[in-house]
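Inspection log for the structure reproduced underneath, given as structure tokens.
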Amino acid sequence: MKIELPEKVKTVIAELKAHGYDAYAVGGCIRDSILGRTPGDWDITTSAKPHQVKAIFPRTVDTGIQHGTVTVLMDKEGFEVTTYRIDGEYEDARHPKDVIFTSNLLEDLKRRDFTINAMAYNDETGLVDAFDGIADLNAKRIRCVGEPTERFSEDALRMLRAVRFAAQLGFAIEERTEQAIRDMCGNLEKISAERIQVELVKLVTSDHPEEMQNVYDTGIAAMILPEFCTMMETEQHNPHHIYTVGEHTIRSMQYIRADKVLRLTMLLHDVAKPVCRTEDENGIHHFHGHPQVGAEMSRKILRRLKFDNDTIHRVMALVRAHDDRPPLQGRSVRRAIYRNGTEQYPELFEVKRADILAQSSFLQQEKLLYVDRYEHMYQQIMEKEQCLSLKELAVNGSDLIARGIQPGKEIGEILHQMLEKVLEEPELNEKEVLLAWYFKA
Ligand code: ATP
Ligand code: MG
């Protein structure tokens, strides 16, 4: 098998070889090349020790020197070059206590998680596939290298990685590997939130977010996102719905583009439905207040998973706004945009459409038509550059101080009154007009 390596990768490998070391491209890049996917990055594995790698290349960065990883810079591009290693004894299902460098490629491939990730290649030797990775690629199968229970007890994160790769590649998890996940997912408790977050984001932004079903079925969800289990177990007796909250959630993720914030928003948009559910005298379920409560729950969950503040705030705002349905009149729409925050648009329309598409067919066309009209009005408002926030108000604090208002709380209150007025009547957004309106009133 011939794999077309990028020129720079060829150069790194050739340099290492010219100095008497062995070197291969390895892992994800080989898997992706064979699948015809574009590799995210090219990792190189070598018999050279880190200090030997550093002696060969003029520009390197000590990325993870204790694990044997040096980044070699070629122009502006970096390539991780890692010394063949055997992971020593594992402590508490996460970290190898120490790593032992080896001169044996096979030892290095053996420590890798899945057969499809344990292939190496260089032009001279061709493909090194010691664990039948090709067969598993062809069978679309995620299978551990070696004994699954052992591999998961070494590093519990691999269980989440298994479903993440299944979701990215549209593969199934091999039976024994999956059984081991069911048996051992409790060990995920020991894995840091940061590592879980990386894999979860790759999973939810993948081509197959419906793999969340398997995250639930295997028991992984109970460890990393118990709120999702509750959603999977919450029925909704309501004409707008035919699925449990969890199934609806998964479908809504499939209906939205693979953007981190949007997929997380769909994952969490109904997270508060279980706690907000009430039943009326006809046995119909209602979920009053679930967007607001859901925004707060989203904050807690995303914080727990150590997401950055920007992501947290954007997801929260979309969750809070997802069910907001203003009457389609100019003033109501402008007020809604102000209330939800201009930053939530136009993404909010994508969220609303995905939500509707994942509901029952009851009134579905009407609901979609409403979103089309809402979006159309939004676009017109934007084209006319109508004022939608204090930033765009023609009067500011200094204007009021110049008119003799004392600096302080009152300023804010007056500006808000003016904004309310302008949201009603956009043509009033002129400094003199607004000042005259306020001081005469
Ligand atoms: P991606 O395309 O998402 O980068 P990848 O396969 O390159 O996928 P990485 O997390 O970048 O995944 O890891 C690179 C390689 O290192 C993997 O292909 C695998 O061989 C090995 N690897 C990474 N994490 C683990 C782990 N937790 N346990 C065992 N091997 C691992
Ligand atoms: Mg990678």
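All heavy atoms count here, side chains included; hydrogens, waters and symmetry mates do not. Indexing begins at 1, ligand by ligand and atom by atom, following the structure's order.
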Checklist entry - With under 30° as parallel and over 60° as perpendicular, where do the rings of His288 and His286 fit, or are they tilted in between? => result parallel
Checklist entry - Of the choices Arg164, Gln168, Glu199, Arg161, which has the non-hydrogen atom that lies closest to atom 3 (O) of ligand 1? => result Arg164
Item to check | the Mg ion (ligand 2) - name of the N/O/S atom of Asp41 that sits closest to it | outcome: OD1
Item to check | Contact partition for Asp155 relative to ligand 1, non-hydrogen atoms under 4.0 Å | outcome: side chain
Next on the checklist: Between Arg353 and Glu350 (salt bridge meaning N to carboxylate O under 4.0 Å), is one present in this structure?
Outcome noted: no
Checklist entry - Non-hydrogen atoms of Leu157 versus ligand 1: any pair closer than 4.0 Å? => result no
Item to check | Min heavy-atom dist Arg151 to ligand 1 below 4.0 Å | outcome: no
Checklist entry - Taking NZ, NE, NH1 and NH2 as the nitrogens, is one of them in Arg176 or Glu147 under 4.0 Å from a carboxylate oxygen of the other? => result yes
Checklist entry - Is there a donor-acceptor pair under 3.5 Å between the side chain of His376 and the backbone N or O of Arg373? => result no
Item to check | Ring-ring centroid check His269 His248, cutoff 6.0 Å | outcome: yes
Item to check | Ionic contact status for Asp217 with Arg182, cut-off 4.0 Å | outcome: no
Checklist entry - Which of the numbered atoms in ligand 1 are below 4.0 angstrom from a heavy atom of Gly27? => result 18 (O)
Next on the checklist: Please compare Asp32, Ile30, Asp43 and report which has the shortest non-hydrogen distance to atom 11 (O) of ligand 1.
Outcome noted: Asp43
Checklist entry - Can Phe165 be said to touch ligand 1, with heavy atoms closer than 4.0 Å? => result yes
Checklist entry - Hey, does the side chain of Glu199 reach the backbone of Arg161 with a donor-acceptor pair shorter than 3.5 angstrom? => result no
Checklist entry - For ligand 1, does Arg158 get within less than 4.0 Å through its side chain, its backbone, both, or neither, judged by non-hydrogen atoms? => result side chain
